[in-house]
Enquirer: 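Can you keep this structure in mind? I'll have questions shortly.
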Amino acid sequence: MTTIRLLQGRSLALLIQLAACVSPTSAAPPSSGLDLPGFDTAVRAQDDLYRHSNGGWLRTTRIPEDKAEVSGADMPAVVDQRLRSILQELSSRPQPKGSNARKIGDFYTAFLDTTAIDKAGLAPIQARLAEIAAIKTPQQLAAWAGRAQGQIETPIWLWGGFADFMNPELNRVMAWQGGLGLPDRDDYLKLEDAQFAQTRAAYLSYLGQLVRLAGLPKPAELAARVLALETRLAQAHTPLSEARNPAKMYTPKTASELMATAPGFDWQAFLAAAKISAEDKVTVTQWDTAVATARLFSELPLADWLAYFALRSLDAAAQVLPQGFRAAHFAFHGKASTGAKFEQPRQDLALDQVKQALNEALAQHYVARHFPASHKQRVVTIYQNALAA
């Protein structure tokens with residue numbers, strides 16, 4: 001488990017959260033926003049600025065046993081408590097059919113109803129598993145991966161619409177490396193590291209559990225094949241230290257250009273299934289990875305890709321599948337990966353899921369309740385002051 005604390009004074013985003021979360025009081029005198037007790041004055045700022053400004057907090061902060069990390073600001077806790085109140089309100093009373101309020105309330109209620117989830121068994125995911133099993137050609141595989149965007153993280157996954165690096169008036173989708181079940185490529189490749197080896201063993205066990213729980217044949221063999229495939233993907237990945245290098249991230253390509261320059265994968269079927277037109281360019285952010293990953297789609301057996309996508313789908317859905325899946329998911333993603341001793345309350349997991357699935361809709365309700373025009377003006381003032389400084 002880890003503690004995370006922002007270097008004090010570094011984060012404009014933190015200041016914006018502060019303006020949004022704290023109600024102004026005209027009677028209160030101006031005061032420093034620095035957490036002075038969190039400093040360690042025994043460390044000189046010029047020797048170690050991080051320890052100087054955070055050492056006291058690092059010594060005294062304890063991580064709750066149901067969490068993997070904590071941050072140095074209490075604003076996220078304030079915001080989450082307000083969001084919980086919104087979810088409880090929207091789920092406890094009838095909402096107009098088809099409205100965002102109804103979608104949010106229904107989503108939250110359904111996630112909490114573990115009795116119904118257990119009763120449904122594998123039925124909610126059987127259609128997806130059947131789709132994967134029915135894939136017969138590489139083109140069908142690429143099209144399925146395109147349709148799966150937003151449901152699972154595929155080896156090349158599509159993110160956003162973001163301003164084009166060279167033309168901020170034009171938005172583009174970004175294509176990123178992904179598709180690993182372990183947190184980082186080092187987890188697969190640093191074979192001599194005992195901690196990484198332990199995590200890989202836990203992951204292999206987890207994959208085998210998913211196979212058994214889904215009633216698929218040969219759990220040990222299938223799990224080993226998927227881990228081997230993901231290891232090949234990890235070898236193709238750009239290290240995180242280089243993956244966000246702006247000088248290397250700008251490679252806009254159409255589907256036909258990708259077919260010509262990154263062969264082995266049916267980019268046209270993939271992007272068309274993801275609802276991206278043939279004329280639009282996608283910004284490929286790790287080009288070498290995209291080329292190597294495309295080649296893997298042609299080199300590795302189709303059966304291995306089907307097993308991989310089946311297990312990625314089971315893993316992504318595990319928290320809304322029966323108790324065996326939920327327990328296995330926490331045993332790996334919680335205990336083995338982060339060191340958390342106890343699973344978070346279901347209500348907290350539900351909040352995280354709603355924020356991921358319906359973030360914009362939930363944000364509309366939050367802004368309507370907790371972000372009046374006066375708060376917006378305070379944020380503008382903070383921005384202007386920071387810009388001037």
Side-chain angles (χ1 to χ4, degrees), residues 1-83 182-187 190 193-196 198-199 238-249 333-342 344 348 351-352 355 370-371 375-389:
M1 294 188 288
T2 59
T3 53
I4 295 177
R5 181 175 169 85
L6 295 174
L7 181 62
Q8 301 194 61
R10 282 275 308 268
S11 177
L12 178 60
L14 191 60
L15 296 177
I16 292 173
Q17 285 191 64
L18 181 61
C21 295
V22 181
S23 299
T25 56
S26 57
S31 61
S32 172
L34 297 178
D35 173 23
L36 297 180
F39 278 61
D40 184 351
T41 56
V43 178
R44 299 193 311 166
Q46 61 266 46
D47 294 336
D48 189 335
L49 181 57
Y50 184 80
R51 287 283 169 182
H52 171 75
S53 58
N54 298 289
W57 182 87
L58 291 169
R59 280 198 308 271
T60 58
T61 300
R62 297 294 176 265
I63 303 174
E65 292 188 334
D66 64 342
K67 290 189 170 47
E69 63 188 34
V70 294
S71 71
D74 63 354
M75 271 71 76
V78 173
V79 173
D80 281 354
Q81 184 53 50
R82 291 175 176 176
L83 290 174
L182 290 169
D184 183 65
R185 70 191 297 271
D186 287 348
D187 292 285
K190 290 193 173 182
D193 187 291
Q195 183 175 350
F196 288 144
Q198 186 176 0
T199 304
T238 303
L240 290 181
S241 59
E242 304 172 23
R244 293 179 181 270
N245 183 343
K248 298 180 180 180
M249 288 174 59
H333 289 287
K335 289 183 179 179
S337 293
T338 71
K341 295 181 180 179
F342 301 104
Q344 289 180 276
D348 291 351
L351 172 59
D352 290 341
K355 285 194 292 187
H370 300 293
F371 199 81
H375 281 19
K376 180 177 181 179
Q377 184 53 50
R378 295 176 70 204
V379 173
V380 170
T381 300
I382 289 172
Y383 168 75
Q384 292 171 340
N385 290 342
L387 190 63

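If you read the sequence from its start, that first residue is 1, and numbering goes on from there.
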Enquirer: Among all residues two or more places apart in sequence or in another chain, which pass the side-chain contact (heavy atoms from CB on, under 4.5 Å) test with Q384?
Expert: V380

Enquirer: If we only count heavy atoms from C-beta on, is the L83 to K355 side-chain gap below 4.5 Å?
Expert: yes

Enquirer: Going by side-chain contact (heavy atoms from CB on, under 4.5 Å), name the residues that satisfy it together with K335, two or more places apart in sequence or in a different chain.
Expert: F330

Enquirer: Not counting sequence neighbours, which residues clear side-chain contact (heavy atoms from CB on, under 4.5 Å) with P183? List them please.
Expert: D187

Enquirer: Sequence neighbours excluded and cut-off under 3.5 Å, please list the side-chain donor-acceptor pairs for residues 41-48, or say none.
Expert:
residue, atom, partner, partner atom, Å
R44, NE, D47, OD2, 2.8
R44, NH2, D47, OD1, 3.0
R44, NH2, D47, OD2, 3.4
D48, OD1, Y50, N, 3.3
D48, OD1, R51, N, 3.0

Enquirer: With sequence neighbours excluded, what pairs up with K248 under the side-chain hydrogen bond (donor to acceptor under 3.5 Å, both in side chains) test?
Expert: none

Enquirer: How would you list, by chain and number, every residue that makes a side-chain hydrogen bond (donor to acceptor under 3.5 Å, both in side chains) with H52, sequence neighbours excluded?
Expert: none

Enquirer: Once side-chain contact (heavy atoms from CB on, under 4.5 Å) is applied, do any residues pair with S337, and if so which ones, sequence neighbours excluded?
Expert: F332

Enquirer: With sequence neighbours left out, what residues match E242 under side-chain hydrogen bond (donor to acceptor under 3.5 Å, both in side chains)?
Expert: none

Enquirer: Minimum heavy-atom separation for D186 to F196, with atom names?
Expert: O-CD1, 3.7 Å

Enquirer: Could you tell me the separation between the CG atom of N54 and the OG1 atom of T61, rounded to the nearest 0.5 Å?
Expert: 9.5 Å

Enquirer: Check side-chain hydrogen bond (donor to acceptor under 3.5 Å, both in side chains) between T199 and all other residues, then give those that pass, not counting sequence neighbours.
Expert: none

Enquirer: Under a 4.5 Å cut-off applied to non-hydrogen side-chain atoms, are T238 and R185 in contact?
Expert: no

Enquirer: Name all residues meeting the salt bridge (Lys or Arg N to Asp or Glu O under 4.0 Å) criterion together with K376; count only those two or more places apart in sequence or in a different chain, and write none if there are none.
Expert: none

Enquirer: Rounded at 0.5 Å granularity, tell me how far CD in Q377 sits from OG1 in T381.
Expert: 4.5 Å

Enquirer: Only counting residues at least two apart or in another chain, list the ones meeting salt bridge (Lys or Arg N to Asp or Glu O under 4.0 Å) with D40.
Expert: R59

Enquirer: With heavy-atom distances below 4.5 Å as the criterion, would you say the side chains of H375 and V379 are in contact?
Expert: no

